[in-house]
Each structure stands twice: as structure tokens, then as C-alpha cells.
Enquirer: 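Handing you this structure, nothing more for now.
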Amino acid sequence: MTTPTLRDVAQLAGVHPATASRALNPQTRPLVNAETARKVLRAAESIGYQPNPIARSLKTARSATVGLVIPDLTNPLFPPIVRGIEDVLTTAGYNAWIVNTDNDPGREERQVESLRSRQVEGLIVATARRDHPLLLRLHRQGVRLVLVNRRVDGLELPSVTADDDAGIAMAVAHLASLGHTKIAHLAGPQQTSTGVSRARAFRHALLDQGLADDPRLTVECGYWSEAEGAQALRRLLDSGAEFTAIVAGNDLIALGCYDVFAERGMTCPDDMSVVGFNEMPFLDKMRPPLTTVAIPHYEIGVEAARLLLDTIEEPDRHPRSVLLAPSLVVRASTAPPR
DNA sequence: CACCAGGGATTCATCCGGTG
DNA sequence: CACCGGATGAATCCCTGGTG
């Protein structure tokens with residue numbers, strides 16, 4: 001008992017395999033007599049025929065598959081983005097292979113290699129660093145790339161990002177309106193474009209609010225993680241700096257702060273207000289629920305997939321980038337200073 | 001070691017019968 | 001006879017495992 005092939009369908013419908021192929025393909029179906037096409041479809045249906053994409057790509061040299069390179073799928077930020085990507089891809093007849101890099105360049109290289117060997121038609125990459133030799137090389141080799149959330153210095157690639165300037169400005173304005181004047185920033189890693197742009201936006205936002213920009217109140221995290229966020233906040237507190245609110249580089253960094261509050265007997269928001277960034281799932285279930293800058297995850301995925309499909313269909317098109325508007329979600333982690 | 005067959009689907013080139 | 005819609009023949013894609 002083997003799985004049915006096109007030959008079986010053709011035989012059952014009493015036509016040539018070439019005819020069956022055309023009948024089964026919506027684009028080529030008009031070439032086939034309507035009655036014949038109906039017969040073929042019925043035959044295919046009756047034996048449970050599924051086209052074999054491996055055989056198909058043998059001839060077409062296309063895989064209808066794209067690679068999705070993310071740091072770690074267990075980070076709740078990614079599932080909604082992946083969902084948006086997948087919804088667009090499937091309607092276009094494409095599928096996604098997902099790989100996790102764990103932010104390890106070696107692993108990333110191997111995973112990308114494996115994707116390329118499977119003939120993916122392009123890559124959506126959410127792991128870009130400002131200096132990223134692998135992406136540089138892939139671009140030079142003509143691999144179609146779309147970046148999500150991040151950019152690479154000196155490399156003009158299609159990308160989808162949230163408007164960091166606007167998002168951070170909202171966070172700072174919110175804290176300022178509550179009466180905070182000494183606000184700290186736990187910046188994301190400065191090897192990532194997002195870490196840099198949010199830190200820069202933070203300084204601008206302070207000035208816009210007429211607040212002093214004290215460089216000692218900005219601390220960099222080595223990774224976008226709770227542990228690094230916690231570590232950064234400990235350093236800041238231990239330095240003796242005075243502040244009443246924190247703008248975190250992202251939500252994970254903000255959640256890391258919660259651990260430090262517990263360690264040090266501080267309460268949020270009474271002793272310290274915190275704003276995150278990203279609006280990853282479940283923040284409303286935290287104690288206290290985290291105020292954050294929401295970015296449209298699903299839309300980000302949708303746009304990323306569209307950009308990639310665009311470059312596949314129109315390889316010579318000038319790289320287009322999409323900037324999506326964030327919004328502030330006020331919850332209970334922010335309050336006026338004591 | 002070189003060579004070939006075979007896997008499944010697609011597609012260019014060709015053929016067929018019917019019509020004006 | 002030319003033309004047309006519709007169906008088909010056969011080559012082809014790339015790689016691997018087996019054969020001589």
C-alpha cells in the first residue's frame with residue numbers, strides 16, 4: 001500500500017499524467033477541458049491524493065518554503081509573530097521552517113545551512129545584530145532576506161520594526177506625567193539595532209520632557225533577558241544612583257526588575273515604577289500587571305511575510321521597510337513617585 | 001570508479017480530430 | 001486547408017544507491 005501519485009490519479013480518471021497535473025493546478029486548470037478537470041479532481045479526491053512537493057520541486061526548482069530564524073521559540077514574544085507570518089505564507093501556498101539559534105552564532109550558521117540545503121526561497125530573520133557577518137555573506141550570495149525587529153549596520157535590507165522612538169517617547173511621557181523626574185533606562189544589548197535606537201530615543205525623550213539626561217541612569221544589559229535585566233538593575237541600585245522609575249529595553253528586562261524588587265524588599269509601583277516594551281503575552285497576569293509599550297506582533301509577522309514574498313516575486317525591487325506604530329498599555333506597574 | 005536507473009511532477013513541443 | 005482547443009510524449013529537474 002503506497003501513497004497515491006499523480007500517475008494513479010491520471011489512470012483512474014482515464015487521462016494522461018500531464019493532463020492530470022494541469023487539472024490539479026489552479027493556474028493551469030483553464031488549459032484543461034472543464035469536464036475532464038472535474039473527472040481528475042474527483043479521482044484525486046477519491047484516492048486521497050496529495051501532491052508530492054519534493055517531486056514537484058525537482059522540476060520547478062522551487063520549494064514553496066521559507067526559513068524563519070528566531071532566537072528562541074519559548075520566548076512568548078515570537079508565537080504571535082510566527083502566526084502572522086504563517087497566515088500570509090499559507091495563503092500564498094508557502095510554508096515556513098522554523099529554527100532556533102539560542103543567540104549562538106555557531107548554531108545559527110548550522111541552522112541556516114540546513115535551511116538552505118532544503119532550498120528555502122528566502123529567510124525571515126529575527127536574530128540580526130548590528131555587526132552580523134553571516135547575514136552580510138548571505139546577502140552577498142543573493143539569499144533573499146527580511147529582517148524582523150532588528151537591522152544590520154550598513155546593510156540595506158527589507159525590514160519590519162516597531163517605531164522605537166515613538167514607543168519610548170510614550171513611555172517617558174507617561175512617567176513624566178505621573179511626576180517622575182529621575183528615570184532610569186535598562187538598555188538592551190548595544191550590539192542590536194533595537195538596543196541602540198531605544199537608548200537613543202530614551203535620551204531624546206528625556207530632553208523633550210525637559211528632564212535631565214543623566215548618563216549614570218542608563219545601564220546596558222548583555223542580553224534581552226530577565227536575568228540580565230535583574231543584574232543591570234542590581235548594578236544600578238548598588239551604584240547609589242537615585243531614581244523612581246525605570247524604562248526597560250523590553251518586557252523580559254522589566255520582569256527581571258520584579259525579581260530584584262522582591263530581593264530588596266521594594267514594592268512596585270510604590271517604590272519604583274517600571275515600563276516594559278513589546279507587550280508580550282501574559283503581562284496582564286503579572287504582579288503587578290506590567291505597563292508596557294505594545295507593538296503589533298501579528299502585524300509584524302504579516303508584513304515580514306509580505307516583504308519576503310515581494311522580494312521573491314520581484315527580486316530587483318528596491319528593499320522596502322515597514323515601521324509600525326506602537327501604543328502604550330498602562331497597567332499597575334506605574335504610579336506617581338512616593 | 002564511472003555510469004545509470006529511478007523517484008514524481010512539470011512543461012515544451014507536438015499531435016489529433018473537428019470546424020469554418 | 002488553416003486553425004484551434006485540448007490532450008499527450010518525452011525530456012527534464014537533482015541526487016543516491018546499486019551495478020558493471
Side-chain angles (χ1 to χ4, degrees), chain A residues 1-70 82 85-101 105-125 127 133-146 157-158 304-317:
Chain A
M1 168 96 164
T2 58
T3 50
T5 69
L6 186 68
R7 199 167 304 279
D8 300 321
V9 175
Q11 200 169 22
L12 185 60
V15 300
H16 193 274
T19 306
S21 166
R22 294 206 173 92
L24 290 168
N25 264 305
Q27 295 94 327
T28 48
R29 190 168 303 151
L31 299 172
V32 178
N33 178 287
E35 179 57 37
T36 311
R38 218 172 305 129
K39 256 197 315 198
V40 171
L41 285 154
R42 223 180 300 123
E45 166 85 11
S46 75
I47 59 176
Y49 170 74
Q50 287 296 334
N52 181 333
I54 298 176
R56 172 183 284 151
S57 62
L58 201 53
K59 176 67 182 178
T60 60
R62 308 196 44 209
S63 63
T65 297
V66 307
L68 184 45
V69 183
I70 61 179
V82 172
I85 291 173
E86 197 202 39
D87 283 355
V88 170
L89 289 181
T90 44
T91 47
Y94 277 76
N95 278 101
W97 283 88
I98 301 176
V99 298
N100 299 272
T101 68
R107 184 178 160 99
E108 178 173 65
E109 181 143 12
R110 288 190 301 277
Q111 296 282 49
V112 166
E113 205 173 283
S114 141
L115 289 172
R116 292 191 66 194
S117 74
R118 291 181 157 76
Q119 312 300 312
V120 294
E121 294 182 36
L123 297 175
I124 295 175
V125 179
T127 56
L134 174 62
L135 289 180
L136 237 56
R137 198 183 81 213
L138 292 173
H139 176 63
R140 237 181 289 122
Q141 292 174 343
V143 177
R144 319 222 170 289
L145 298 169
V146 170
L157 291 175
R306 286 208 184 117
L307 286 185
L308 186 57
L309 291 175
D310 281 354
T311 57
I312 290 172
E313 282 160 23
E314 277 184 77
D316 299 327
R317 188 184 188 141

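Quick note on labels: first sequence line is chain A, next is B, and so on, each numbered from 1.
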Enquirer: Looking at dT10(B), I'd like to know if its phosphate oxygens (OP1 or OP2) sit under 4.0 Å from a side-chain N or O belonging to Asn25(A).
Expert: yes

Enquirer: Could you work out, with side chain to side chain contact (heavy atoms under 4.5 Å, CB included) as the rule, every residue matching Ala20(A), not counting sequence neighbours?
Expert: Leu6(A), Ala10(A), Val15(A), Val40(A)

Enquirer: Does dT10(B) have OP1 or OP2 sitting under 4.0 Å from an N or O in the side chain of Arg56(A)?
Expert: yes

Enquirer: Show me the donor-acceptor pairs within less than 3.5 Å that the side chains of residues 41-54 of chain A make with the rest of the protein, sequence neighbours left out.
Expert:
residue  : atom : partner  : partner atom : Å
Ser46(A) : OG   : Ala43(A) : O            : 2.9
Asn52(A) : OD1  : Ile54(A) : N            : 2.8
Asn52(A) : OD1  : Ala55(A) : N            : 3.1

Enquirer: Can you check side-chain hydrogen bond (donor to acceptor under 3.5 Å, both in side chains) on Arg118(A) and Ser114(A), steps first, answer last?
Expert: CA-CA 6 Å; Arg118(A) 291 181 157 76; Ser114(A) 141; 3.2 Å; yes

Enquirer: Whole angstrom is fine here: how far is it from CD in Gln50(A) over to P in dA9(B)?
Expert: 11 Å

Enquirer: Give the angle between the helix axes at the two ends of the helix from dC1(B)-dG20(C) to dG20(B)-dC1(C), taking five base pairs at each end and rounding to 10°.
Expert: 60°

Enquirer: Under 4.0 Å, heavy atom to any atom of DNA chain B: which of residues 110-121 of chain A qualify?
Expert: none

Enquirer: Would you please name every residue forming a side chain to side chain donor-acceptor pair (under 3.5 Å) with Glu314(A), sequence neighbours left out?
Expert: Arg317(A)

Enquirer: Counting any heavy atom closer than 4.0 Å, what does Thr19(A) reach on the DNA or RNA strands: base, sugar-phosphate only, or nothing?
Expert: base

Enquirer: Under 3.5 Å, which N/O atoms of the protein pair with N/O atoms of nucleotides 12-14 of chain B?
Expert:
residue : atom : partner  : partner atom : Å
dC12(B) : N4   : Arg22(A) : NH2          : 2.8

Enquirer: Ignoring backbone atoms, test whether Ser21(A) places a side-chain nitrogen or oxygen under 4.0 Å from the OP1 or OP2 oxygen of dT10(B).
Expert: yes

Enquirer: So Ser57(A), base contact, sugar-phosphate only, or nothing? Heavy-atom distance under 4.0 Å.
Expert: nothing

Enquirer: Once side chain to side chain donor-acceptor pair (under 3.5 Å) is applied, do any residues pair with Glu86(A), and if so which ones, sequence neighbours excluded?
Expert: none

Enquirer: Mind calculating the distance between CG (Asn33(A)) and C1' (dG17(B)) to the nearest angstrom?
Expert: 14 Å

Enquirer: State, to 0.1 Å, how close Val112(A) and Val69(A) come at their nearest heavy-atom pair, and which atoms those are.
Expert: CG2-CG2, 4.2 Å

Enquirer: Once side chain to side chain donor-acceptor pair (under 3.5 Å) is applied, do any residues pair with Thr19(A), and if so which ones, sequence neighbours excluded?
Expert: none

Enquirer: Quick check: does any side chain N or O of Arg22(A) sit under 3.5 Å from a backbone N or O of Arg29(A), one acting as donor and the other as acceptor?
Expert: no

Enquirer: If the condition is side chain to side chain contact (heavy atoms under 4.5 Å, CB included), which residues does Arg144(A) pass it with, not counting sequence neighbours?
Expert: Leu308(A), Thr311(A), Ile312(A), Pro315(A)

Enquirer: Looking just at side-chain N and O atoms, do Ser57(A) and Gln119(A) make a donor-acceptor pair shorter than 3.5 Å?
Expert: no

Enquirer: Show the nearest heavy-atom pair for residues Leu157(A) and His139(A), with the distance to one decimal.
Expert: CD2-ND1, 3.4 Å

Enquirer: Provide the start and end nucleotides, 5' to 3', of the part of DNA chain C that has atoms under 4.0 Å from heavy atoms of chain A.
Expert: dG6(C) to dC14(C)

Enquirer: Under 4.0 Å between a side-chain N/O of Tyr49(A) and OP1 or OP2 of dG8(B), yes or no?
Expert: no

Enquirer: Between Arg110(A) and Glu113(A), does any NZ, NE, NH1 or NH2 come within less than 4.0 Å of an OD or OE carboxylate oxygen?
Expert: no

Enquirer: Rounded to the nearest Å, what distance is computed from the CG atom of residue Leu6(A) to the C1' atom of nucleotide dT11(B)?
Expert: 13 Å

Enquirer: What is the separation between atom CD1 on Ile54(A) and atom C1' on dG7(B), rounded to the nearest whole Å?
Expert: 10 Å

Enquirer: Quick test of your reading: applying side chain to side chain donor-acceptor pair (under 3.5 Å), list the pairs with at least one residue in residues 87-99 of chain A, sequence neighbours left out, ordered by first then second residue.
Expert: Arg62(A)-Tyr94(A), Arg83(A)-Asp87(A), Asp87(A)-Tyr298(A), Tyr94(A)-Glu121(A)

Enquirer: In chain order, what residues pass the side chain to side chain donor-acceptor pair (under 3.5 Å) check against Glu109(A), with sequence neighbours excluded?
Expert: Arg137(A)

